There are 2 protein chains.
Amino acid sequence: MSLPLSEKERNPARSREAILDAGEALFAERGYEGTSLSDVGTLAGVSRGTPGYFFGSKAELYRAVLERCFSEVLEAVRAGRARALASAAEPEAILAGAVSDYFDFLAERPNFVRLIEWEALAGGTQLEEVPPHVAAAQEALSALRDELAMGPGMSQDAAHLLLSIISLCWFPLAHANTVLRALRIDPEDPAFLEQRKRHVIDLVLNGLRGRFVSAGATGENDHD
Amino acid sequence: MSLPLSEKERNPARSREAILDAGEALFAERGYEGTSLSDVGTLAGVSRGTPGYFFGSKAELYRAVLERCFSEVLEAVRAGRARALASAAEPEAILAGAVSDYFDFLAERPNFVRLIEWEALAGGTQLEEVPPHVAAAQEALSALRDELAMGPGMSQDAAHLLLSIISLCWFPLAHANTVLRALRIDPEDPAFLEQRKRHVIDLVLNGLRGRFVSAGATGENDHD
DNA sequence: ATTAACTTGCTGAACGTCAAGCAAGCCGAC
DNA sequence: GTCGGCTTGCTTGACGTTCAGCAAGTTAAT
């Protein structure tokens, strides 16, 4: 009979998790170079050397953090896709809902956004070796193609649309300290976030209707 | 009479410039923490200590790099605005041209994009103290408001539209190594860039027409 | 000769990694 | 049941490297 493991006992599983959590927080906050294993240890409540003991090296700890993060993302993509497939709503409403979900997903995961921003600057070399990353992107792309029932000729359009959705949702989160601040926008303001989400969805839907739908059936975004 | 200053003579102005150039390249490539003054000196063709001699400290060199970068940006914004004011074209065409120009501007300045990405992750604390940064954003916003002849009630819409334009142009450049690679897009491909630019302009124009313009006058983007 | 434009040597701090050490649990022998 | 040896979890000290900043030195221009 194993008791719930009091705070002070040995517990490798909990130590591992604590180190992963601390690593995620610190790598997201300060980047790979800006984070020392000593800091990770301190934040995790273990000693200087323990992160190295469990993960072998700083690089491997970093990769483990990325891996765990992207598994969560991939899961979310699959869940979203399943929900879309099961839904009886029309494509526009489904797309609007998906954009809304993605927007919220990112807004709730600043660590994820920042980790990828660091990776983008570092060249994305670590990211390539994290399988769920590519899988998540590819599955999202397939889902969008399927949902929009696009012919093979329009597959480029799906990629562009997906890229635009990601750009629009992502950028305000990544650049709260630069562009948004210069524009005197407070990214914490929930009113801004709501306006923003609506604006993004409108842009995407208008873009989707594009040149072949007249401007009659607008004005209702009945997602959420 | 001063000759064109041969390569080896002393020349503080040229050394300063060389150090600024090297600093810009290295800070953009590796970030503030990842760049050593020794590296800057080597790339600038001077010794280890010279960057410190001219700029006092690493932090001040960094700020000087940002300052020079943003002066260029501010100049470009003002030039663009002047061109728009002098143009007799209709607002849509002017907006399309401005988006196209901004798109190209960013694509030609990877250092600028990367410097700001690093700043975004560092909290933007240095950026705040670089006056041209805020000025450029504010002037771009005013220009957009003026151009679209927006009433005071729609000023939020102008900010959102500007933010969207920036997001759409910026993101593919910043995330060539992460999202684009996962989507199997080659960001170097000129065909992609052209498609992308068109897509962004279409999104923006469709978004602008929004709900009050019918889908008749589309299909021609006669900018460039 | 004096000043400005550099260069070189040095110092102290920070960091990743490795190796040694210690303590807590486990397990079979008795 | 307890004792001795072994493994595992974790800490601490040490080494080599890197770097920013300073100080002292050296060379070129005026």
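The chains referred to below are lettered A, B, ... by the order of the sequence lines, with proteins before strands, and numbering in each begins at 1. This is a predicted model, so every value here is computed, not measured. Note: hydrogens, waters and symmetry copies are ignored here, and every other heavy atom, side chains too, is used.
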With a 6.0 Å cut-off on ring centres, are [X] and [Y] close enough?
X        : Y        : answer
A/Phe70  : A/Phe112 : yes
B/Phe192 : B/His199 : no
B/His175 : A/Phe171 : no

Taking only nitrogen or oxygen atoms into account, show me every contact under 3.5 Å that the protein makes with nucleotides 21-24 of chain C, one pair per line with its distance.
{"from": "C/dA23", "atom 1": "N3", "to": "A/Arg10", "atom 2": "NH2", "distance (Å)": "2.8"}

**Asked** Ion pair present between B/Arg81 and B/Glu147, side-chain N to carboxylate O less than 4.0 angstrom?
**Response**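 Not counted as a salt bridge, because no side-chain N and carboxylate O are separated by less than 4.0 Å.
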**Request:** Could you tell me whether A/Glu17 and A/Arg68 have a side-chain N and a carboxylate O separated by less than 4.0 Å?
**Result:**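 Counted as a salt bridge, because a side-chain N and a carboxylate O are separated by less than 4.0 Å.
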**Message:** A/Ser36 vs A/Arg30, test: side chain to side chain donor-acceptor pair (under 3.5 Å). Steps then yes/no.
**Reply:** CA-CA 10 Å; A/Ser36 77; A/Arg30 313 179 191 169; over 6 Å; no
Any N/O pairs under 3.5 Å between the protein and nucleotides 18-25 of chain D? List them or say none.
{"from": "D/dA20", "atom 1": "OP1", "to": "B/Thr35", "atom 2": "O", "distance (Å)": "3.1"}
{"from": "D/dA20", "atom 1": "OP1", "to": "B/Leu37", "atom 2": "N", "distance (Å)": "3.4"}
{"from": "D/dA20", "atom 1": "OP1", "to": "B/Lys58", "atom 2": "NZ", "distance (Å)": "3.0"}
{"from": "D/dA20", "atom 1": "OP2", "to": "B/Leu37", "atom 2": "N", "distance (Å)": "3.0"}
{"from": "D/dG21", "atom 1": "OP2", "to": "B/Lys58", "atom 2": "N", "distance (Å)": "3.2"}

Nucleotide [N], atom [atom2] - distance to [atom1] of [X] in whole Å:
X       : N      : atom1 : atom2 : result
B/Phe54 : C/dA5  : CZ    : P     : 6 Å
B/Asn11 : C/dA4  : CG    : C1'   : 13 Å
A/Phe55 : D/dC10 : CZ    : C1'   : 14 Å

**Item:** Minimum heavy-atom distance A/Gly123-B/Arg181, with the two atoms named
**Value:** O-NH2, 3.4 Å
**Distance-only side-chain donor-acceptor flag, B/Glu117 / A/Trp118, under 3.5 Å** = no
**Item:** Any A/Tyr53 side-chain N or O less than 4.0 Å from OP1/OP2 of D/dC10
**Value:** no
